Amino acid sequence: MRIIRCKDYADMSRKTANIISAQVILKPNCKLGLATGTTPIGAYEQLIKWYEKGDVDFSEVSTYNLDEYLGLGGDHPQSYRYFMNDTFFDHINIDKTRTHVPDGSNLDAEAACAAYDELMAAAGPLDLQLLGIGRNGHVGFNEPGESFSKGTHCVELAQSTIEANSRLFDSIDDVPRKAYSMGVQNIMSAKTILVAASGADKAQAVHDMIYGPVSPRCTASILQLHADCFVVADEAALSLC
Ligand code: PGA
């Protein structure tokens, strides 16, 4: 794992955006794995600015998002499809038909997950997978557990994740209890992985990801076994490292 130390959130966002834009410049028809959450918002904003200046062109890029709440359609303001359109896709020249998010409106979990895995298998390995990390070490919605997941699957969200994500909902009762998430094997199949992290509340998870034993108790720890993974994190997130 390579660690790229950043001063603060703004620095982390710019460096994350730099790596993504370099990927797009090097391979205009690249396949990006993208993430939602607070962490990547600054990087998406930076990429939009560079797009507006004419420095980066997304017209041939395809994207595959990590996860989606079960039961929320793409027009629901808290769905991850809505987040991606609103935060990023609506502001760049990406072909929306090339942007993919698990279908949270499909309540048939088996069918929804199989469809997403088929889509990803047809696409082949992603060139660059962007990840945030949860306070409990989750990546995507792969919560701490007894084993690492393989393909896209339906997960019960951990109570700590429901609490962390409730800030975006009117009340904690509105947070969906289940989600579809790419599995660890999907994530590990990417050619390059970039984990972005900011803030002291991520420090323990970032430490365990980098230095802890490889264990499903901290899902992100498996990234130690990936051949090309780097962590772009600010001083606060790296404060225990
Ligand atoms: P955050 O979420 O970027 O909103 O902190 C990251 C995650 O839970 O994976």
Side-chain angles (χ1 to χ4, degrees), residues 6 8-17 19-20 32-47 64-70 72 77-84 86-88 101-102 104 129-145 148-149 152-153 155-169 172 175-184 186-188 190 193-210 216-223 229-240:
C6 308
D8 52 21
Y9 180 78
D11 190 28
M12 185 277 295
S13 298
R14 212 168 34 248
K15 288 190 165 85
T16 299
I19 293 164
I20 295 171
L32 300 178
L34 295 182
T36 54
T38 310
T39 309
I41 292 176
Y44 293 147
E45 285 172 356
Q46 181 65 73
L47 287 168
Y64 297 82
N65 261 78
L66 283 166
D67 45 17
E68 179 61 282
Y69 287 120
L70 173 53
L72 301 193
Q78 303 306 339
S79 73
Y80 287 166
R81 161 54 78 179
Y82 189 98
F83 173 99
M84 289 308 300
D86 190 49
T87 310
F88 193 34
V101 182
Q129 173 70 60
L130 172 64
L131 297 174
I133 178 170
R135 288 153 195 77
N136 63 4
H138 73 200
V139 287
F141 272 135
N142 292 285
E143 303 284 20
F148 291 111
S149 58
T152 306
H153 56 297
V155 290
E156 298 267 352
L157 302 186
Q159 186 58 28
S160 60
T161 301
I162 293 168
E163 283 162 18
N165 292 3
S166 66
R167 69 192 190 281
L168 303 168
F169 289 80
I172 195 165
V175 184
R177 268 40 188 175
K178 291 184 179 179
Y180 296 142
S181 177
M182 270 190 208
V184 168
N186 298 121
I187 292 168
M188 290 291 280
I193 297 180
L194 189 176
V195 187
S198 170
D201 59 337
K202 299 291 176 68
Q204 189 65 52
V206 168
H207 172 274
D208 294 350
M209 165 175 68
I210 300 171
R217 296 267 157 219
C218 173
T219 314
S221 63
I222 195 150
L223 299 172
C229 174
F230 36 108
V231 180
V232 182
D234 62 18
E235 291 297 346
L238 288 168
S239 57
L240 296 179

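Since we're looking at a predicted model, the values are computed, not measured. Read the numbers this way: they start at 1 and go in the same order the structure lists the ligands and their atoms.
Judged purely by distance below 3.5 Å, without hydrogens or angles, the side chains of Glu143 and Thr161 pair a donor atom with an acceptor atom.
Against a heavy-atom cut-off of under 4.0 Å, Gly37 is close to the following atoms of ligand 1: 3 (O), 4 (O). The Gly134 neighbourhood of ligand 1 comprises atoms 7 (C), 8 (O), 9 (O), with distances under 4.0 Å to a heavy atom of that residue. Within the listing of ligand 1, atoms 4 (O) sit less than 4.0 angstrom from a heavy atom of Arg167.
Close N/O approach between His138 and ligand 1 is found [any backbone or side-chain N/O within under 3.5 Å].
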When the side chains of residues 32-39 are checked against the rest of the protein, which donor-acceptor pairs come out under 3.5 Å, sequence neighbours left out?
from, atom 1, to, atom 2, distance (Å)
Thr38, OG1, Arg167, NH2, 2.4

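Phe141 places none of its side-chain heavy atoms less than 4.5 Å from the side chain of Met182.
At a heavy-atom cutoff of 4.0 Å, ligand 1 is contacted by the backbone of Ile133 but not by its side chain.
For atom 4 (O) of ligand 1, the nearest non-hydrogen atom of the protein is Thr38 N, 2.9 Å. Ranking the protein heavy atoms by distance from atom 5 (O) of ligand 1 puts Lys202 NZ, 2.6 Å first. When only non-hydrogen protein atoms are considered, atom 3 (O) of ligand 1 lies nearest to Thr39 OG1, 2.4 Å.
In this view, His207 and Tyr211 satisfy the ring-ring contact (aromatic ring centres under 6.0 Å, His included) rule, not counting sequence neighbours.
Paired with Leu130 under the rule side chain to side chain contact (heavy atoms under 4.5 Å, CB included), one option of Ile19, Leu66, Ile20 passes, and it is Ile20.
Residues Tyr82 and Tyr69 keep their aromatic ring centres 6.0 Å or farther apart.
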